[in-house]
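First comes the structure, then the notes that go with it.
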Amino acid sequence: MKLFLHLFFFFFCFLQAAVSIAPLQSTHPFDPLTKQEITLIQTIILNKYPTKRNHVKFHYVGLDDPDKATVLEWVSTGAPTTRNAFVIAIINSQVHELTINLRSSRLLSDNIHTGNGFPTLTVDEQSDALQLPFKHRPFVESIKKRGLNLSEVVCSGFTVGWYGETQSSKRVLRIECFMKEETANIYVRPINGITIVADLEQMEIIEYHDNAVEPVPKAENTEYRASHLKPPWGNWKFHIGYDVRAGVIISTASIYDPEVHKSRSVLYRGYISELFVPYQDPTEEWYYKTFFDAGEFGFGQSVVSLEPFNDCPPHAQFLDSYVVGRDGTPQLLHNAICVFEQYGGISWRHTETGIPNQEIREVRSDVTLIVRSVVTVGNYDNVLDWEFKTSGSIKPTISLSGMLEIKAVDITHKDEIKGDQHGTLVSENSIGVYHDHYYIYHLDFDIDGVDNSFVKTNMKTVEVNDQSSKRKSYWTTSSEVVKTESDAKIKLGFSPSELAVVNPNKKTSTGNEVGYRLVPNAAAHPLLTDDDFPQTRGAFTNYNVWVTPYNRTEKWAGGLYVDQSHGDDTLAVWTKQQRGIENKDIVLWYVVGIHHVPCQEDFPIMPLLSTGFELRPTNFFERNPVLKTLSPGIVKGPGCKKP
């Protein structure tokens with residue numbers, strides 16, 4: 001074990017060293033411009049437009065992409081390619097487009113842009129413009145009128161967009177100012193009521209209005225720099241269970257809230273209730289292949305032992321479980337579940353350049369806790385993750401691998417196919433049959449308590465017809481608390497909406513109901529007719545989202561007895577009772593679906609195909625719960641140098 005780790009660290013450090021030391025060579029057609037090439041570009045342009053007689057500003061300098069055919073030829077044969085640079089410069093208030101051949105050092109073209117739009121703003125001109133307010137007497141008076149300290153004010157620039165103007169416009173920048181006093185999080189402390197517009201060519205303020213005096217938001221609890229914080233530790237608490245039908249079950253999940261110094265409940269119970277896999281070949285040999293993997297085969301008893309280092313990383317902790325044999329004898333399943341921390345992502349970040357003489361860069365790396373199991377039912381391996389993030393999110397993920405279910409045919413080439421084979425010819429004599437995977441999750445939320453409500457927030461377009469704005473439209477929201485389980489049936493993907501479970505009895509300091517929202521993946525809808533027998537049994541897939549009042553006996557979306565069931569004890573049947581779900585103990589059911597059209601890359605064993613969703617805090621916390629969380633420390637391996 002120690003030898004392996006030492007070798008690993010050695011290889012990692014060697015690789016890092018090789019990457020950092022090796023000089024950049026322009027060998028690939030898409031290699032970025034080198035320092036020498038950029039200097040050459042500058043020399044060529046300024047030779048044509050000497051700065052003694054011209055005002056030249058470079059707004060874009062980049063590689064002029066070679067033709068795709070040329071690049072592909074280089075990939076296959078290494079044939080030489082041209083290497084040109086493309087430049088956008090404002091020369092004497094005119095926008096020039098210049099192309100330069102870097103191999104011959106020749107200016108190939110120089111055209112003046114006369115259409116709409118302007119080049120990318122330069123950093124220097126933005127910095128110059130942001131100093132203008134401090135030299136503008138009306139602005140100084142406005143700050144004084146508000147009782148603010150001018151030395152604690154910083155400004156930022158915003159482009160102005162286009163809203164139907166027909167006359168030629170100037171290059172202008174809208175300027176807004178903020179207070180940096182007591183916090184570097186300036187964007188939460190705007191000085192509202194002041195309008196400033198600067199001309200970037202003349203570098204002067206051309207429009208100024210002080211419309212209203214509004215209070216500047218407080219700085220309290222807005223700091224995010226690690227050096228200014230004393231971060232508490234916070235984490236998830238939950239129970240990992242196992243069921244012979246459901247497999248892994250997450251129970252009593254709560255997260256520590258640093259604002260109130262206690263854990264708060266989120267999810268009472270979460271698991272996969274059923275997996276419906278209908279194949280799409282109606283012939284005599286295949287029509288019956290419409291499986292319910294949890295109810296018919298048992299997700300839990302199909303859990304397989306995990307392989308250390310491959311299924312789970314070296315630092316994972318493993319949990320064993322027991323299954324019951326046919327004779328009632330407990331049988332030990334080693335390494336049924338693994339739990340591990342995962343590193344490498346970004347939790348949040350910000351680079352602040354709006355404060356003069358400072359550059360603040362704060363990044364927090366993400367550390368998540370993952371609970372993993374693998375369920376193998378026949379040909380398919382289902383890699384099932386529950387990911388818990390320090391931000392409060394829960395991300396269940398499904399990754400499919402294993403083998404396709406193949407139909408043997410006397411066909412070796414697509415040209416020989418006559419009629420519908422109900423699948424893809426993935427190899428000689430091998431049809432990968434079309435099929436679906438529908439996972440339905442049972443999610444019993446307890447958001448800060450048992451009694452919750454289901455809220456649907458619709459997004460709608462509003463047209464502006466009264467000339468009150470230069471905009472012609474915008475979108476806004478309207479929310480409704482869903483009253484009954486029948487009204488909570490939702491097909492996703494047809495209209496934009498936000499779906500959340502809230503606690504109407506608990507509110508934040510600003511009056512919002514605490515909650516969690518469902519962030520779905522792409523929706524998949526059943527393509528079978530409602531009266532088709534498999535679909536009658538799998539009617540819980542008719543909608544992507546269902547909500548029911550909690551009932552201890554309603555655990556299995558396909559019914560308690562699924563094998564050869566008639567579909568008379570499913571989620572679709574239960575919800576016909578029109579039971580109330582407002583301010584009650586409720587369960588959200590979410591269907592994750594995949595329409596699988598096999599391809600040759602899926603054969604003979606399929607690379608992971610992943611999907612999932614996120615349960616994300618929505619006004620659950622008073623503010624970002626990981627604001628005061630530090631990134632984990634760097635562990636230096638043998639021979640590794642600190643980056």
Side-chain angles (χ1 to χ4, degrees), residues 22-75 78-132 156-162 165 167-175 197-204 206 351 353-354 359 361:
L24 179 64
Q25 300 292 336
S26 296
T27 55
H28 193 284
F30 287 143
D31 276 351
L33 298 174
T34 66
K35 177 182 178 181
Q36 293 80 6
E37 289 173 328
I38 294 172
T39 301
L40 174 64
I41 292 165
Q42 178 193 43
T43 301
I44 291 172
I45 292 177
L46 294 186
N47 280 344
K48 183 174 182 181
Y49 298 101
T51 54
K52 289 184 178 180
R53 301 189 301 272
N54 302 278
H55 184 56
V56 181
K57 292 187 295 182
F58 292 84
H59 284 255
Y60 174 82
V61 179
L63 189 68
D64 187 31
D65 291 353
D67 292 336
K68 185 174 182 179
T70 303
V71 176
L72 294 178
E73 179 68 17
W74 178 89
V75 170
T81 64
T82 58
R83 186 164 174 83
N84 297 339
F86 179 68
V87 178
I88 298 176
I90 294 183
I91 303 173
N92 303 326
S93 298
Q94 290 184 312
V95 179
H96 287 243
E97 300 173 352
L98 307 102
T99 304
I100 296 171
N101 186 313
L102 297 172
R103 305 224 189 270
S104 64
S105 302
R106 289 191 305 113
L107 179 62
L108 300 179
S109 64
D110 182 359
N111 301 312
I112 296 177
H113 169 70
T114 58
N116 296 318
F118 298 105
T120 305
L121 277 64
T122 69
V123 173
D124 291 339
E125 67 183 355
Q126 291 181 70
S127 298
D128 291 344
L130 298 182
Q131 295 305 310
L132 295 176
S156 186
F158 300 82
T159 53
V160 299
W162 176 77
E165 296 90 349
Q167 294 181 348
S168 178
S169 57
K170 300 178 180 179
R171 293 183 64 242
V172 297
L173 189 71
R174 184 91 172 239
I175 298 174
V197 178
D199 185 319
L200 293 176
E201 290 300 316
Q202 301 301 320
M203 202 53 68
E204 63 182 13
I206 59 173
T351 298
T353 59
E359 180 174 339
R361 182 172 63 250

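Note: hydrogens, waters and symmetry copies are ignored here, and every other heavy atom, side chains too, is used. The residues of the chain are indexed from 1 along the displayed sequence. Computed from a predicted structure; not experimentally measured.
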Next item on the list: Mind telling me whether Tyr60 and Phe86 have parallel, tilted or perpendicular rings, with 30° and 60° as the class edges?
Entry: tilted
For the backbone of Ile44 and the side chain of Asn47, can you confirm whether one donor and one acceptor N or O come within less than 3.5 Å of each other? no
Distance col, row Arg171:CZ vs Glu201:CD, nearest 0.5 angstrom, shows 5.0 Å
Q) Would a 4.5 Å heavy-atom cut-off, applied to side chains only, mark Glu37 and Arg83 as touching? A) yes
(request) Report yes if the side chains of Val56 and Leu46 come closer than 4.5 Å at any heavy-atom pair, otherwise no. (result) yes
The side chain to side chain contact (heavy atoms under 4.5 Å, CB included) partners of Glu165 (sequence neighbours excluded) come to Trp162, Tyr163, Lys470
In this structure, CD of Gln202 is separated from OG of Ser93 (nearest 0.5 Å) by 7.0 Å
Closest non-hydrogen contact found for Ala129 with Ile175 is O-CD1, 3.3 Å
Rounding to 0.5 Å, atoms NE2 (His55) and CD (Gln94) come to a distance of 13.0 Å
When rounded to the nearest 0.5 Å, the distance separating NE2 of His59 from CG of Leu121 is 7.5 Å
Interatomic distance, OG1@Thr99 vs CG@Asn111, rounded to 0.5 Å, equals 7.5 Å
query: Heavy atoms, side chains only, cut-off 4.5 Å: are His96 and Ile45 in contact?
result: no
Between Phe58 and Gln42 the two heavy atoms that sit nearest each other are CZ-CA, 4.3 Å
Check your understanding: So, the side chain of Gln126 versus the backbone of Thr122: is there a donor-acceptor pair under 3.5 Å, distance only?
Key -> yes
Could you go step by step and tell me if Tyr49 and Asp110 meet the side chain to side chain contact (heavy atoms under 4.5 Å, CB included) rule? CA-CA 12 Å; Tyr49 298 101; Asp110 182 359; 2.4 Å; yes
Shortest non-hydrogen pair, Glu73 vs Ala79, comes out as CG-CB, 3.9 Å
With side chain to side chain contact (heavy atoms under 4.5 Å, CB included) as the criterion, how do Arg103 and Thr81 come out once you've worked through the C-alpha distance, each side chain's angles and the decisive distance to 0.1 Å?
CA-CA 10 Å; Arg103 305 224 189 270; Thr81 64; 4.2 Å; yes
Hey, are the side chains of Phe118 and Leu200 touching, using non-hydrogen atoms and a 4.5 Å cut-off?
no
Smallest heavy-atom separation, Val71 atom then Phe30 atom, equals CG2-CZ, 3.9 Å
For Gly157 and Leu130, the nearest pair of non-hydrogen atoms, with its separation, is N-CD2, 3.4 Å
Heavy-atom distance under 4.5 Å between the side chains of Ile41 and Leu33, does that happen here?
yes
> Step by step, would you call Leu173 with Glu125 a side chain to side chain contact (heavy atoms under 4.5 Å, CB included)?
Replying inline: CA-CA 10 Å; Leu173 189 71; Glu125 67 183 355; over 6 Å; no
Distance col, row Asn92:CG vs Lys57:NZ, nearest 0.5 angstrom, shows 11.0 Å
**OP:** Flag the pair Ile206 / Glu204 as yes when at least one side-chain heavy-atom distance between them is below 4.5 Å, and no otherwise.
**Re:** yes
Next item on the list: List the steps and the verdict of side chain to side chain contact (heavy atoms under 4.5 Å, CB included) for Leu102 and Gln36.
Entry: CA-CA 10 Å; Leu102 297 172; Gln36 293 80 6; over 6 Å; no
